[in-house]
Amino acid sequence: MSNVVIVGTQWGDEGKGKIVDFFTEKADLVVRFQGGNNAGHTLVVAGQKTILHLIPSGVLHPQVTCIIGNGVVIDPQVCLQEIRDLKSRGYLKKEDQLFISENAHVIFPYHREIDLLREERRGKSKIGTTGRGIGPAYEDKVARMGIRMQELVSPERLKKRLEEVLPEKNLYIEKILGGRPQSFQEVFESYLQDGKELKKYVTNTSILLDQEIRQKKNILFEGAQGTSLDVDSGTYPFVTSSNTVAANACVGSGIGPKSIDEVIGVCKAYTTRVGGGPFPTELQDEVGKRLQEKGGEFGATTGRPRRCGWLDLVVLRHAVRANGLTGLVVTKLDVLSGLKTLKVCVAYKYRGEFFREMPSSVEILQECEPVYDEMKGWEENLEGVKRLSDLPKAARTYLERIEKESGVPLSLISIGPSRDQYILIKDPFTR
Ligand code: GDP
Ligand code: IMO
Ligand code: MG
């Protein structure tokens, strides 16, 4: 048995969804532990695309139990819609395939409103959030003003909490942000209904997980976003409002750190970022456009075009350290086919100084220039390749470079969006 955490090593959208779906084959449970419906995880199975925002990416495997942990913030309407869509396609047939933590916090319309109004006020310096109310919901959790799933599913408690919280939120929306106050009755009635529908899934998932761990089950913990979007380790303030790193798999699901055996980082073969904030290897040229087009780099949640650039090994090494990675998955290697020369960023230059480690100040990072090493590209299409030895030599050299610079062994290479497009090197469940 093994318990494996899968996290993003860059700024999100590394292909975590596909990788979680792939490794779920060996898992008994899959747990989402942070973030909310700011995430968009894409799975392609037998030509059919599924985009998940809240439900764990193991859900297409009927034998697997999916858990939304206490560290996630949940928009009930989005959650219900995702459940309905999956059911209409023949998934989630058994009610006990999904459990939601009673301690997970709920996103309310005032969170979304505050998120949007704040972004508007920030103007040019906006973060470029997904507008889903993620930040304001996490703020309320920490401020002890949040409303949790256990209250959502209990009409009396929901009413009491909303009566306590909404007047203050309305005051803030109206007087500080210049928005429209929200009607208690409307919010209460709609959330009351959502609570009724979600009640059957809500339970103490920490106890449930503990029992499964004691029975030596295989558990996969699915991260959202990426290390450089982590609220502590990322490019603050251009980050999301949760800890995206592997350690939060424990906090966000109510288990202890000794239960984790392997930490797998997912690294795209180049870099993308959606929203604002520094991005040293960003390409504003034809190559950037080409990566965007060939890689289909448009947000799975908001549809926004993703900014694209070369692979940044400084960012990757930062992720190795912040997560304690034990294995690496490289995705979208196929997208690089046809480029004559590839560049990888090995360090930053800042006012004549060289940095091998990522600076923690965005002001400094904004000014950093990437120091590149050039590598040979390859022409061949990688579709259908099943073994490392069948990859073009230049592609193997590129992977070896990533392995060497990160100091982490490769676990899997992804060469297309589909579940069956992979080269397996070492399965994290086989120890
Ligand atoms: P996530 O948020 O990390 O789960 O990633 P997204 O789903 O937002 O974005 C990854 C995109 O790349 C999706 O459209 C996937 O279908 C696609 N994808 C994943 N792995 C590969 C790959 O190896 N090659 C190609 N071409 N596409 C991939
Ligand atoms: P997945 O799980 C890429 C980005 C937003 C914005 C910043 C803050 O699909 O990799 P938020 O709405 O969280 O307050 O926005 O974080 N962001 C993501 N970027 N992938 C994601 O998730 C993201 N989730 C949030 O674009 O820059
Ligand atoms: Mg995504």
Side-chain angles (χ1 to χ4, degrees), residues 6-22 32 34-45 48-54 56-57 72-73 75 107 111-112 114-116 118-119 126-139 222-231 234-242 244 265-279 291 293-307 329-337 381-383 385 412-423:
I6 295 188
V7 290
T9 61
Q10 296 155 320
W11 279 284
D13 303 326
E14 297 90 349
K16 300 175 292 294
K18 169 182 168 167
I19 304 309
V20 170
D21 169 70
F22 178 83
R32 259 291 295 272
Q34 48 74 227
N37 59 313
N38 46 351
H41 296 178
T42 315
L43 326 179
V44 180
V45 180
Q48 204 177 28
K49 192 190 230 188
T50 306
I51 299 179
L52 298 166
H53 302 288
L54 278 168
S57 297
V72 176
V73 285
D75 187 321
I107 299 180
H111 293 129
R112 287 194 298 272
I114 292 170
D115 193 357
L116 295 171
R118 279 218 196 111
E119 284 281 273
K126 71 177 180 190
I127 290 163
T129 71
T130 58
R132 303 298 194 258
I134 306 296
Y138 276 117
E139 283 168 43
E222 174 181 9
Q225 292 81 53
T227 307
S228 285
L229 286 172
D230 180 284
V231 68
T235 49
Y236 191 90
F238 298 96
V239 292
T240 191
S241 296
S242 65
T244 63
V266 183
C267 173
K268 206 181 284 198
Y270 50 96
T271 312
T272 63
R273 170 161 211 173
V274 53
F279 179 178
L291 291 172
E293 274 163 23
K294 191 156 184 220
E297 297 297 353
F298 296 88
T301 295
T302 57
R304 290 178 291 177
R306 296 173 182 154
R307 302 154 65 192
V329 172
V330 176
T331 59
K332 304 190 90 158
L333 190 67
D334 54 301
V335 177
L336 298 181
S337 289
N381 184 339
L382 305 187
E383 212 170 292
V385 174
L412 183 88
I413 312 301
S414 174
I415 45 165
S418 198
R419 187 191 273 171
D420 53 11
Q421 292 176 299
Y422 65 87
I423 300 168

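Numbering of ligands and ligand atoms starts at 1, following listing order. Here the structure is a predicted model, which means the values were calculated and not measured. Computation of the quantities below employed the complete heavy-atom set of this structure, encompassing side-chain atoms and omitting hydrogens, waters and symmetry-equivalent molecules.
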statement: Of Thr301, Thr272, Leu229, Thr302, the residue with the heavy atom nearest atom 17 (N) of ligand 2 is Leu229

- prompt: Has ligand 2 got any nitrogen or oxygen that is less than 3.5 angstrom from a nitrogen or oxygen of Ser241?
  reply: no

query: Can you find a non-hydrogen atom of Gln10 under 4.0 Å from ligand 1?
result: no

query: Considering only the protein, which heavy-atom contact is closest to atom 27 (O) of ligand 2, and what is its distance?
result: Val274 O, 3.1 Å

message: Checking Asn38 against Thr129 for the side-chain hydrogen bond (donor to acceptor under 3.5 Å, both in side chains) test, could you report, in this order, the C-alpha distance in whole Å, the side-chain angles of both residues, the deciding distance, and whether it holds?
response: CA-CA 8 Å; Asn38 46 351; Thr129 71; over 6 Å; no

task: Tell me which one of Glu119, Gln225, Arg273 gets a heavy atom nearest to atom 24 (N) of ligand 2.
output: Gln225

query: Does a side-chain N-to-carboxylate-O contact under 4.0 Å join Lys332 and Glu297?
result: yes

field: Identity and distance of the protein heavy atom lying nearest atom 12 (O) of ligand 1
entry: Lys332 NZ, 2.8 Å

- prompt: Counting only heavy atoms, which portion of Asp13 has something under 4.0 Å from ligand 1: side chain, backbone, both, or neither?
  reply: both

- request: Give the residue, atom name and distance (to 0.1 Å) of the protein heavy atom nearest atom 12 (O) of ligand 2.
  value: Thr130 OG1, 2.6 Å

message: Show me which atoms of ligand 1 lie under 4.0 Å from any heavy atom of His41.
response: 1 (P), 2 (O), 4 (O), 7 (O)

- request: Report the nearest protein non-hydrogen atom to atom 13 (O) of ligand 2: residue, atom name, distance rounded to 0.1 Å.
  value: Thr240 OG1, 2.6 Å

Ligand 2 contacted by Gly40 (non-hydrogen, < 4.0 Å): yes

message: Considering non-hydrogen atoms of the protein only, which is the closest contact for atom 26 (N) of ligand 1, and what is the distance?
response: Asp334 OD2, 2.7 Å

field: Close approach, Gly416 and ligand 1, non-hydrogen under 4.0 angstrom
entry: yes

query: Is there a nitrogen or oxygen of Arg132 sitting under 3.5 Å from a nitrogen or oxygen of ligand 2?
result: no

message: Just by distance, no angles: are the side chains of Thr235 and Arg273 close enough, under 3.5 Å, to form a donor-acceptor pair?
response: yes

task: Could you pull out the atom name of the N/O/S atom in Asp13 that is nearest the Mg ion (ligand 3)?
output: OD1

statement: Nearest non-hydrogen contact to atom 15 (O) of ligand 2 from the set Asn37, Ile127, Thr129 belongs to Thr129

Heavy-atom nearest neighbour in the protein, as seen from atom 20 (N) of ligand 1, with distance rounded to 0.1 Å: Ser414 OG, 3.5 Å

field: Verdict with supporting geometry, Thr42 and Thr50, side-chain contact (heavy atoms from CB on, under 4.5 Å)
entry: CA-CA 6 Å; Thr42 315; Thr50 306; over 6 Å; no

message: I need the nearest protein heavy-atom contact for atom 18 (N) of ligand 1: residue, atom name and distance, please.
response: Pro417 CA, 3.8 Å

Contact partition for Lys268 relative to ligand 1, non-hydrogen atoms under 4.0 Å: neither

message: Heavy atoms only, cut-off 4.0 Å: how does Ile51 contact ligand 1, side chain, backbone, both, or neither?
response: neither

query: To which protein heavy atom is atom 20 (N) of ligand 2 closest, and what is the distance rounded to 0.1 Å?
result: Asp13 OD1, 3.2 Å

field: Residue and atom name of the nearest protein heavy atom (relative to atom 6 (C) of ligand 2), distance in Å to one decimal
entry: Gly128 O, 3.1 Å

message: Could you check whether atom CD of Glu139 has more than 12 heavy atoms from other residues, nucleotides or ligands sitting under 6.0 Å from it?
response: yes

- request: Check each atom of ligand 2 against the heavy atoms of Gly275 and keep those under 4.0 Å away; list them by number with element.
  value: 27 (O)

task: Using a strict 4.0 Å threshold on nitrogen-to-oxygen distance, state whether Asp115 and Arg132 make a salt bridge.
output: no

- prompt: What distance separates Ser418 OG from Gln48 CD, expressed to the nearest 0.5 Å?
  reply: 11.5 Å

message: Out of all atoms in ligand 1, which are within 4.0 Å of some heavy atom of Val335? Include the element for each.
response: 26 (N)

field: Under 3.5 Å side-chain donor-acceptor pair for Gln34 and Ser242
entry: yes

query: Which residue and non-hydrogen atom of the protein lie closest to atom 8 (C) of ligand 2, and at what distance in Å?
result: Val239 O, 3.4 Å

task: Please state which part of Lys18 comes within less than 4.0 Å of ligand 1, counting heavy atoms only: side chain, backbone, both or neither.
output: side chain

message: What I want to know is whether Gly17 and ligand 1 share at least one N or O pair that is separated by under 3.5 angstrom.
response: yes

message: Just to check, does Gly40 reach to within less than 4.0 Å of ligand 1 when the distance is taken from its heavy atoms?
response: yes

query: Can you tell which part of Trp11 has a heavy atom less than 4.0 Å from ligand 2: side chain, backbone, both or neither?
result: backbone

message: Salt bridge check, Asp13 against Arg306: does any charged N sit closer than 4.0 Å to a carboxylate O?
response: yes

Nearest-contact summary for atom 15 (C) of ligand 1 - protein heavy atom, Å: Thr42 CB, 3.9 Å

query: Which option out of His41, Arg306, Lys126 puts a heavy atom nearest to atom 2 (O) of ligand 2?
result: His41

- prompt: Under 2.8 Å from the Mg ion (ligand 3), is there an N/O/S atom belonging to Gly12?
  reply: no

Modelled atom types, side-chain donor and acceptor of Ser57 and Glu222, under 3.5 Å: yes

message: Is there a polar contact between ligand 1 and Thr331, counting only N or O atoms under 3.5 Å apart?
response: no

message: Once rounded to the nearest 0.5 Å, what's the spacing between atom CD1 of Ile413 and atom CD1 of Ile423?
response: 6.5 Å

- prompt: Short N/O distance, under 3.5 Å, between Gly15 and ligand 1?
  reply: yes

